[in-house]
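Note that ligands are numbered from 1 as they come in the structure, with each ligand's atoms numbered from 1 the same way.
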Amino acid sequence: MIVMKFGGTSVKDVEAVGRVVQVVGRERRPRLVVVSALSGVTDALLEAARLAEQGDGAAARQAVKALHRRHEEMTVLVRATERRASLLAAIDALFAELEGIVRALAVVEEVSPRSKDAIVAFGELASCRIVAAALEDAGLASRWLDARALLVTDAQHGAALPDRKATDERLRSLVRPLLADGLVPVVGGFVGATPARLTTTLGRGGSDFSAALFGAGLAADEIQIWTDVDGMLTADPRVVAAPRVVPQLSFDEASELAYFGAKVLHPATILPAVGLGIPVRILNSQRPEAPGTLITRTVEGGDGDGGPAAIACKRGLIRIDIASTRMLMAYGFLRRVFEVFERFRTSVDVVTTSEVSVSVTIDDRRSLEGIVAELRAFADVSHEDGMAIVCAVGERLRTDSRLATRVLSALEGLPLAMVSQGGSRKNITVVLRDADAPAAMERLHRRFFEDEGAPSERAALATA
Ligand code: ADP
Ligand code: ASP
Ligand code: MG
């Protein structure tokens, strides 16, 4: 069996869902369909939650009403009148419930992380009903499933961690029988629930992660991520003008790219696939005939004179410089530094060290003040906002010792605040000013992926 996950833009309107129906209909293997909320809906739900928290009940209800209307309009894609009426009734019931929640929260002017999850989950709870009804209407026997009954998580609202074992049991009892009966189950991504049935979410972009968790639990033959681009591109298309599709990536390459900003995959997506070696394919729902990107355990062609597989950037970061006040890298200093980040549950992206100091970057600024205050108890600390990570990723970095130098030389003249080559040696990462990130990306892209740059690069090598 396979898992087919469709992102927000792939279900954004009637035409888009029509394409999903075609793609799912053409597939002959047993399949579980995972869907995101219609594009923009999660943001709109968060905005409704914000309005409720401010006590602006009227505006919050207005926002819910607009979403209700948008979802109601989607029901035109179901032609059978009875089926359409029952979809409409389901949508009405969902949005009536949501309105009640928002109304109550606006009265108390308080939206806890737990309540916020209860609100944002409605996007996926509604979209999966629509897609299931559309599939049925096209003659594909399908069944809508409540993600809260399927994905079991801990209670870290907004960034819940899955309980793989409990989830696998639910998959066995709820999904397997449907697949065996030839039905196409449709479930919302991103959403789960604690064992005590409190609604949780996996964090933004988390539908990819849901798909991978379900794929691993069902020992799928393939996990397909259907989105709005032709696959993993050589660079973020919002930063670089004409990126190309990367046909194949290893699990490690894809993970690093996702972690360092390639939004097309949620950074945790690859993890569940790794253990079982399940291939992950990124495909374009607007061009289903395009081959996409295939992500597997290993890839061919890790040697030779080629460049990195792709580049990525992560922007809007803070760099923190921490220097031991004892002037020497005292024993235990690093442990104390990282314990502070652990206490504040703040993850560090890049780390570089010198004899007496450590520099790190973080993107979660919520605890910055507390972190700095605690570090100051034993170190001199300074921090700078407006930084970015630019990184080149590729198995080839491990085998071609000249590649890291070639990457750095492409950045000549740009002030680099930190440089790091990961232990896996599958990436080389620099930290620079955010304002320099687009130029750095353009230069790397030209050097390694564009026709104009490639020949001169080869020429440079030939004379080296
Ligand atoms: P979905 O709604 O399908 O989950 P996302 O918006 O989360 O889609 O991810 C797809 C988007 O990721 C693309 O439209 C593109 O702008 C962005 N993106 C950033 N970096 C990359 C990359 N290296 N390759 C492909 N897409 C990328
Ligand atoms: N709808 C959620 C979001 O916008 C999850 C997802 O689309 O992956 O973040
Ligand atoms: Mg996404």
Is there a heavy atom of G7 sitting under 4.0 angstrom from any atom of ligand 2? no
Could you tell me whether G8 and ligand 1 have an N or O pair separated by under 3.5 Å? yes
By number and element, which atoms of ligand 1 are closer than 4.0 Å to a non-hydrogen atom of A262? 20 (N), 23 (N)
With no hydrogens and no angle check, is any side-chain donor or acceptor of R170 less than 3.5 Å from a backbone partner on A149? yes
Are any of the N/O atoms on R204, whether in the backbone or the side chain, positioned under 3.5 angstrom from an N/O atom of ligand 2? yes
I would like to know whether S115 and S112 meet side chain to side chain donor-acceptor pair (under 3.5 Å); could you show each step before the answer? CA-CA 5 Å; S115 306; S112 63; 3.0 Å; yes
Atoms of ligand 2 under 4.0 Å from any heavy atom of E124, numbered from 1 in the order shown, are 1 (N), 2 (C), 5 (C)
Check if S207 has a non-hydrogen atom at a distance under 4.0 Å from any atom of ligand 1. no
Please list the nearest protein heavy atom to atom 6 (C) of ligand 2 with its residue and the distance rounded to 0.1 Å. S207 OG, 3.3 Å
If we only count N/O pairs under 3.5 Å, is G205 in contact with ligand 2? yes
Just go through H266, R238, K5 and tell me whose heavy atom is the nearest to atom 4 (O) of ligand 1. K5
If we ignore angles and hydrogens, is there a donor and acceptor under 3.5 Å between the side chains of D117 and T199? no
So L88 and E72, side-chain contact (heavy atoms from CB on, under 4.5 Å) or not? Walk me through it. CA-CA 6 Å; L88 207 52; E72 252 174 9; 3.6 Å; yes
At what distance is the nearest protein heavy atom to atom 6 (O) of ligand 1, and which residue and atom is it? K263 NZ, 2.8 Å
Please step through side-chain contact (heavy atoms from CB on, under 4.5 Å) for the pair T75 and I130, ending with a clear verdict. CA-CA 7 Å; T75 60; I130 293 170; 5.6 Å; no
Before signing off on this row, confirm whether D228 and ligand 1 have an N or O atom pair separated by under 3.5 Å. yes
R315 side chain to D434 main-chain N or O, any donor-acceptor pair under 3.5 Å? yes
The protein heavy atom nearest to atom 7 (O) of ligand 2 is S36 OG, 3.0 Å
G231 heavy atoms within 4.0 Å reach ligand 1 at atoms 24 (N), 25 (C)
G307 backbone acceptor or donor facing R396 side chain under 3.5 Å: yes
Tell me whether ligand 2 is touched by H266 - counting only heavy atoms on the residue side and a distance under 4.0 Å. no
Of V229, V246, D230, T227, the residue with the heavy atom nearest atom 1 (P) of ligand 1 is T227
Aromatic plane relationship, H68 with F95 - under 30° parallel, 30 to 60° tilted, over 60° perpendicular: parallel
Do the charged groups of D349 and K314 touch, with an N to O distance under 4.0 Å? yes
Please say whether D208 places an N or O atom under 3.5 Å from an N or O atom belonging to ligand 2. no
Please determine whether the number of non-hydrogen atoms from other residues, nucleotides or ligands lying under 6.0 Å from atom CZ of R84 exceeds 12. yes
Around atom 9 (O) of ligand 1, find the nearest protein heavy atom and jot down its residue, atom name and distance. V264 CA, 3.4 Å
Looking at ligand 1, does any of its N/O atoms fall within less than 3.5 Å of an N/O of L233? yes
Just jot down the ligand 2 atoms closer than 4.0 angstrom to any heavy atom of T42, in number order. 1 (N), 2 (C), 3 (C), 4 (O)
So between G189, P237, A258, whose heavy atom ends up nearest atom 18 (N) of ligand 1? P237
Non-hydrogen atoms of G189 versus ligand 2: any pair closer than 4.0 Å? no
I'd like to know if the side chain of T296 and the backbone of P279 have a donor-acceptor N/O pair within less than 3.5 Å. no
Using the side-chain contact (heavy atoms from CB on, under 4.5 Å) rule, take V131 and F6 through it: C-alpha gap first, then chi angles, then the decisive distance, then the call. CA-CA 10 Å; V131 171; F6 295 88; over 6 Å; no
side-chain contact (heavy atoms from CB on, under 4.5 Å) between R129 and L87: does it pass, once the steps are laid out? CA-CA 7 Å; R129 301 264 191 151; L87 174 61; 4.0 Å; yes
